[in-house]
Amino acid sequence: IRGVVSYTPNESNDWSVGFYNGQRKQFRLADITYNNQKIDLSNNEVIGRINYFNSNLVLRQGNFTLGNIDYTYTAPNKDKISVSGLYERAVFEGFTKNRNLNSSNYADTLQYVLNTNYSPLNAFRVKADYVKNIGKITWESGYQFRYQFQEGEFLYQDQNPVTKQFVTNQDFSAIMD
């Protein structure tokens with residue numbers, strides 16, 4: 001959903017108000033076969049080898065809401081002063097399901113990692129710009145202030161191969177306030 005309303009009461013004043021709300025959802029699947037080996041560099045002897053199939057499914061989705069208000073004043077000498085404000089709210093979430101499987105038997109799971117995340121964002125921006133024509137030269141200056149607050153929950157879980165229960169790995173998990 002998107003909407004914009006503009007109002008120009010005269011040649012010197014221009015107002016605009018906008019709103020946008022949308023969402024996006026995207027899956028990505030990457031399937032790769034790995035053939036890894038370790039070699040002792042002192043004698044070039046193979047000291048380890050593993051072949052496995054990696055299936056990696058990722059979901060990323062988000063809901064986005066933006067609102068803005070803009071004002072431009074054009075002076076009789078064509079100098080311009082513009083000010084605008086923007087607010088943004090977004091919620092991002094998704095998962096990654098990363099499975100390493102025995103390349104000879106896909107039913108044999110060597111490692112399964114599940115990552116989930118939820119990360120809301122609130123931000124606003126205020127900016128002011130000034131444009132002045134000096135002969136053939138255009139001088140532009142401005143200032144922008146942006147504030148962004150993003151929190152989130154990021155959970156990293158390893159599946160226990162015996163019990164099939166997921167165990168949270170604290171080294172990669174976080175709750176951000």
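Residue numbers start at 1 and run along the sequence shown.
Among residues two or more places apart in sequence or in another chain, the side-chain contact (heavy atoms from CB on, under 4.5 Å) test is passed with Leu41 by none. Take Asp171 and apply the side-chain contact (heavy atoms from CB on, under 4.5 Å) test, not counting sequence neighbours, and it matches Asn169. A search for side chain to side chain donor-acceptor pair (under 3.5 Å) contacts involving Asp14 returns Thr8, not counting sequence neighbours. Shown here are the salt bridge (charged side-chain N to carboxylate O under 4.0 Å, His left out) partners of Asp108, two or more places apart in sequence or in another chain: there are none. Residues passing the salt bridge (charged side-chain N to carboxylate O under 4.0 Å, His left out) test with Asp31: none are found, sequence neighbours excluded. For Lys132, the salt bridge (charged side-chain N to carboxylate O under 4.0 Å, His left out) partners at least two apart in sequence or on another chain are Asp79. In this structure, Ser84 has no side chain to side chain donor-acceptor pair (under 3.5 Å) partners at least two apart in sequence or on a different chain. Residues meeting the side-chain contact (heavy atoms from CB on, under 4.5 Å) test with Arg28, sequence neighbours left out: Ala30, Asn56, Val58. Take Lys97 and apply the salt bridge (charged side-chain N to carboxylate O under 4.0 Å, His left out) test, not counting sequence neighbours, and it matches no residue. With sequence neighbours left out, Asn10 forms a side chain to side chain donor-acceptor pair (under 3.5 Å) with Asn13. For Phe166, the side-chain contact (heavy atoms from CB on, under 4.5 Å) criterion is met by Tyr112, Leu114, Gln157, Gln159, not counting sequence neighbours.
Note on Ile81 and Trp139: same hydrophobic cluster, where clusters join Ile, Leu, Val, Met, Phe, Trp and Tyr whose side-chain heavy atoms are under 4.5 Å apart, directly or indirectly. The hydrophobic clustering, which links ILVMFWY residues whose side-chain heavy atoms are closer than 4.5 Å, places Ile175 and Phe95 apart. When the side chains of ILVMFWY residues are joined at heavy-atom separations under 4.5 Å, either directly or via intervening members, Tyr147 and Leu121 end up in two distinct hydrophobic clusters. A continuous path of Ile, Leu, Val, Met, Phe, Trp and Tyr side chains, each step under 4.5 Å between heavy atoms, connects Tyr71 with Val17, placing both in one hydrophobic cluster.
Residues Arg24 and Gln26 bring a donor and an acceptor atom of their side chains to less than 3.5 Å of each other. Counting only N and O atoms by type, the side chains of Asn68 and Asp70 include a donor and acceptor under 3.5 Å apart. Side-chain contact annotation: Thr96 with Asn98, donor-acceptor N/O pair under 3.5 Å absent. In summary, the side chains of Glu11 and Thr74 do not present any donor paired with an acceptor at a separation below 3.5 Å, with no hydrogens or angles considered. Using modelled atom types and a 3.5 Å distance limit, the side chains of Tyr87 and Asn122 yield a donor-acceptor pair.
Rounding to the nearest 0.5 angstrom, the gap separating the NZ atom in Lys80 from the OH atom in Tyr130 is 12.5 Å. Interatomic distance, Leu57 CG to Phe27 CZ, rounded to the nearest 0.5 Å: 6.5 Å.
Dense packing is recorded around CD of Gln61, with more than 12 heavy atoms of other residues, nucleotides or ligands lying under 6.0 Å away.
Residues Gln23 and Lys25 form no side-chain contact, since every pair of their non-hydrogen atoms from C-beta on lies 4.5 Å or further apart. Within the 4.5 Å cutoff, the side chain of Glu153 has no heavy atoms near those of the Leu155 side chain. In this structure, Val4 and Ser16 have side chains that are in contact, with non-hydrogen atoms separated by less than 4.5 Å.
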Check the pair Ser119 / Phe154 against side-chain contact (heavy atoms from CB on, under 4.5 Å), numbers first and verdict last. CA-CA 8 Å; Ser119 183; Phe154 305 90; 4.1 Å; yes
Might you work through the side-chain contact (heavy atoms from CB on, under 4.5 Å) test for Gln111 and Asn54, ending with a clear yes or no? CA-CA 9 Å; Gln111 180 186 30; Asn54 175 259; over 6 Å; no
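Closest non-hydrogen pair, Glu45 versus Asn43, comes out as N-OD1, 3.0 Å.
In this structure, Val131 stands alone, with no Ile, Leu, Val, Met, Phe, Trp or Tyr side-chain heavy atom under 4.5 Å from its own, directly or through other members.
Separation of the Phe124 and Phe149 ring centroids does not fall under the 6.0 Å cut-off.
Side-chain atoms of Ser173 come within 3.5 Å of backbone N or O of Tyr156 as a donor-acceptor pair.
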